[in-house]
Amino acid sequence: MNPFAVLGLDETADDDAVRAAYLTALRQSPPDRDPEGFRRIREAYDALRDHERRLALRLFGPPPLADIEALRELASTERRYVGPGPWLTVLREPRR
Amino acid sequence: MSKREKRKHGGAAMQHGAALDMAAWRARVESLLAAGQTRAAVEAAKQCGKQCPGPAADTLVVLAYQARIQALIASGLAKEAQALCEVVSERFPACRDRLVPLVRRSELLTGNFEPLLRELLTAEGPRQRELEAILSRELTDPAIVADSPILPHEHSLKRAAGAVRDLFIAVTTGPLPAGALAPLDSIPRRSPFAPWKLLIRALDAFYRHADADVLANLAGIPPEAGPARLAPVLRRLVSAEGETTPPSFTVTSLLEKVGGPWVTVMAQLPQLSQALAARDERRALAAVRALVPVFDGTPAATRRTFLATLLQQWARHDLPPQGLLRLLPRRAKDLDVVRLSAIATERVDWEVALELWDQYLRAAIATGALSATGPATARVLLHMAALFPEELEEIYDLFDVDSGAELQKLIQSGALPPCYDRGQLLARARTAEPAPQVFRALIAHYDPWDPQRAEGEAETWRRAHPQDVEPVLYLARAAERRGALRKALDLVAEAEALNRVHPEVRQRRFRLLLASAERRIKDGRALLALADLERVAQEPRASEGDLPAYVFALRWAATTRGGDAAAATELEHTLATTIENPVLRELVVSAVARAVGLSSQPSSAGASPLVALDGLARACELFRLLERPFTAPAALLTQVEQALETASAAQLYALCRGGMALGRPALTYLAAGQGLMQDNPLMHRFLLARGQVLQAALWEQGRAQACLRAARELAARARDMDAVREASAALATRVAWGGLPPILRGMLLEPEESLSPDYVTTVLTTERQHHALPRFPREKGARKRTTRRPRRSRQRFDGLLDLLEGNL
């Protein structure tokens, strides 16, 4: 994953912004409750913690994902409430 | 049916009509029904009724209508079916009973459950269960039952329907508070509303992102129940496998409303993945066409990851990039496309990547994305310089020239763009940012073929960063290389003033004093050499391992050169007692004699295998400490290779490293193998040595990688970070991704996941069983180019640069 995206940062973020975003993310995914989330956050922070790394990432990144299907990770997890109407329309559709 | 169609179907019947009797009509109608041609069957039956009126014909007509009504129901045309039921019932009142089930079913399908509910009020036993089963199967909206005036308020079905209706609305409208689904608990499992209960729980789980619960609840819904119609939709939304049929329009509409455009992504990614694997460019482009607009609306970081992954996979599957690049967005900010194309192309064609980076840099500076000077520009220029192959000959071959001067001529004449001048790129990087890494690259670039220029760059570095010890050490090495040992010692003194604990600083003085002594012995200045050796003896390193033996041998050489025969003989005698191992003594004396121009007599012939092994192992370690090359007789090497079973772990490890220094990979391979047979703390080092030596073998790259990965894992467990770095470096040389900064190279190509203990054990077991020597290529001689290599085909990239130029 793009470390900037993991921490929700802009590419122009400075040391203070990176640190603040890391601490905020850490509160949402503490290592004891969400080890996998913590690992991702920690990796992202390590990749962005100093100016040199951020510069390298900006110029030569982001690292591509392992394969095309891994792009699913980027998908928004939003699930919209649309009321009963559209669901009932499908229910009323004749069986195929 | 249109008049034209009626004429068509009826006309056909009329043709036969005169000759058809009732039996023939029946056969004809039944054959049409069997073929599923219900409309033609009705027309034929009506013709029969006209020609052979009577009860038999009426029965045939009703039979045809029944089939037609069923077909309309199956097509979802329930209202049409209901209307036709009414027409047929009026026309053929005697057959009304046969139409009742169809009338009921069409009523249900149009949402008219009143007759069913009315009957349900009084039905009992099997009939009640039958009606409830119909209700469960056909009901597609719980509000129909909940709002029905037929059932009294206290009726259990009406109460269940009301609860289901309210919760269905609630669960699809917004987040539910805790315990909101409690009313569902009162609906019994045998109720026609039990499937609705499971559907509502599945919907609730879906909005809570509890996808496993979604699937578990859907699995409990009987496939024939009305709510089961939503099961495929929910499965698609949670990306569960198994939904292969294309969704209908209403389903697609629901998916897009609930899941947003990501539903498209989820559907297209497997298509793209399969198309890439099959190298089917047309299908892959179709999938990309659907994906691009979705990712175009995402935050920049997400969009870049998409582009980076797509471009890299495209290049990895060796598909021509032009079609893909035409699909990518063309906006001013899409410098990213050029940059990411350059990165993706690096693995395939360094010179195309170089030109793409050049385009990127020019456009980025022109648009203000990068400044003409500064660290970012310097990094890009350094990166471009790192794309060049290490072998200069490879570059010359590519452009069909014989020297750097000819290449320069091509650049100056405009036949090649200036970005092919590596020195120029590095000089620009230095102007952009005179940072240590830029000077380091400049020195590495000039050192092999223009040492004077390299020294000049080191001097500039020293002036720009006076506290850096690195340029001073380089200048000391350069001075030593051209024989200016006094100047080198002065520079080492300067380096010591800057950083006394630097490992190279600590070793350099010792080595320079030894080199000075050797030089003076060679020049016949024995007294000065002995003075140097006195200073050497005062260095802390002088007492390490067998180093005193080497210093003693130099003292003997100085005395011999000085012409003091008596003292030389006495020293020779003392040498024999100081270096008790005759093999080590012979190797040391012969190395010293060779260094100072003396002759030496071999004296260790006939040494026992144990003595030979010990002597060679100690010599390997001694010359490693001295960083000096040495040679050993082939017979000695063979003798030692056959006696490895008796060696200690330390001896084996010294021989492993010595084998590589001697250019004898077989010795390294066998010593590492013997080391792996023992249970010792150097196991990871032996595995590392075996991996390194296998890299040089023919057809053993898979084993080499396995050894190196397992060695890195074992080294990490043993906290031997030097070995971890060495293994990582060896693994990195296997991948052709030269130019990327280490941080990204690590992210992309060196997954640092822990290997399972099973993997390491398997590699160890396999290597312990490999006793036969692999094939090692002969030592490479000086490269001699006899035929020109044809220029690589760049057809795949034809037009690519122009295309991207147009993108900027």
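Below, chain A is the first sequence line, B the second, and so on; all start at residue 1.
- Taking 4.5 Å as the limit, every side-chain heavy atom of A/Glu93 sits out of range of all side-chain heavy atoms of B/Arg229.
- When each of B/Val258, B/Val294, B/Thr250 is checked for heavy-atom pairs under 4.5 Å with chain A, B/Val258 comes out on top.
- Checked by atom type and distance alone, the side chain of B/Tyr207 pairs as donor or acceptor with a backbone atom of A/Arg80 at under 3.5 Å.
- With a 4.5 angstrom heavy-atom cutoff, B/Leu310 touches chain A via backbone and side-chain atoms both.
- Using a 4.0 Å cut-off between a side-chain N of Lys or Arg and a carboxylate O of Asp or Glu, B/Arg316 and A/Asp67 do not qualify as a salt bridge.
- A heavy-atom distance below 4.5 Å is found between the side chains of B/Pro270 and A/Arg72.
- Take A/Ala17 and apply the side-chain contact (heavy atoms from CB on, under 4.5 Å) test, not counting sequence neighbours, and it matches A/Leu9, A/Ala13, A/Asp14.
- Of the possible polar contacts, one joining the B/Thr309 side chain to the A/Leu65 backbone as a donor-acceptor pair under 3.5 Å is found.
- Nearest heavy-atom pair across B/Leu237 and A/Arg79 is O-NH2, 4.1 Å.
- Heavy atoms closer than 4.5 Å to chain B are found in both the backbone and the side chain of A/Leu71.
- When B/Ala170, B/Gly174, B/Ser273 are compared by the number of non-hydrogen pairs under 4.5 Å with chain A, B/Gly174 comes out ahead.
- Contact between B/Thr140 and A/Leu91 at its shortest, heavy atoms only, is CG2-O, 3.2 Å.
- Here the OH-CG distance, from A/Tyr81 to B/Leu176, works out to 6.5 Å after rounding to the nearest 0.5 Å.
- Contact count versus chain B (heavy atoms, under 4.5 Å) is highest, among A/Gly83, A/Ala70, A/Gly85, for A/Gly83.
- Proximity of A/Pro62 to B/Leu340: side-chain heavy atoms (C-beta onward) are separated by under 4.5 Å at one or more points.
- Only the side chain of B/Leu203 has a heavy atom closer than 4.5 Å to any heavy atom of chain A.
- If you tally non-hydrogen atom pairs under 4.5 Å between each of A/Asp10, A/Ile68, A/Leu55 and chain B, the highest count goes to A/Ile68.
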Exercise for the section: Given side chain to side chain contact (heavy atoms under 4.5 Å, CB included), test B/Thr172 with A/Leu88 step by step and report yes or no. Expected result: CA-CA 10 Å; B/Thr172 53; A/Leu88 288 170; over 6 Å; no
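- For B/Glu256, the part lying under 4.5 angstrom from a heavy atom of chain A is the backbone only.
- Put simply, of B/Ile73, B/Asp211, B/Leu276, the one with the most heavy-atom pairs under 4.5 Å next to chain A is B/Asp211.
- Partners of B/Trp357 according to the ring-ring contact (aromatic ring centres under 6.0 Å, His included) rule, which considers only residues two or more places apart in sequence or in another chain, are A/Phe60, B/Tyr360, B/His383.
- Across B/Val171, B/Ile169, B/Leu77, the residue that shares the most heavy-atom pairs under 4.5 angstrom with chain A is B/Ile169.
- The contact between B/Phe295 and chain A is made entirely by side chain atoms (from C-beta outward), counting heavy-atom distances below 4.5 Å.
- Under the 3.5 Å distance criterion, the side-chain polar atoms of B/Arg339 are matched with a main-chain donor or acceptor of A/Gly61.
- Proximity to chain B (any heavy atom under 4.5 Å) is restricted, for A/Ala66, to the backbone atoms N, CA, C and O.
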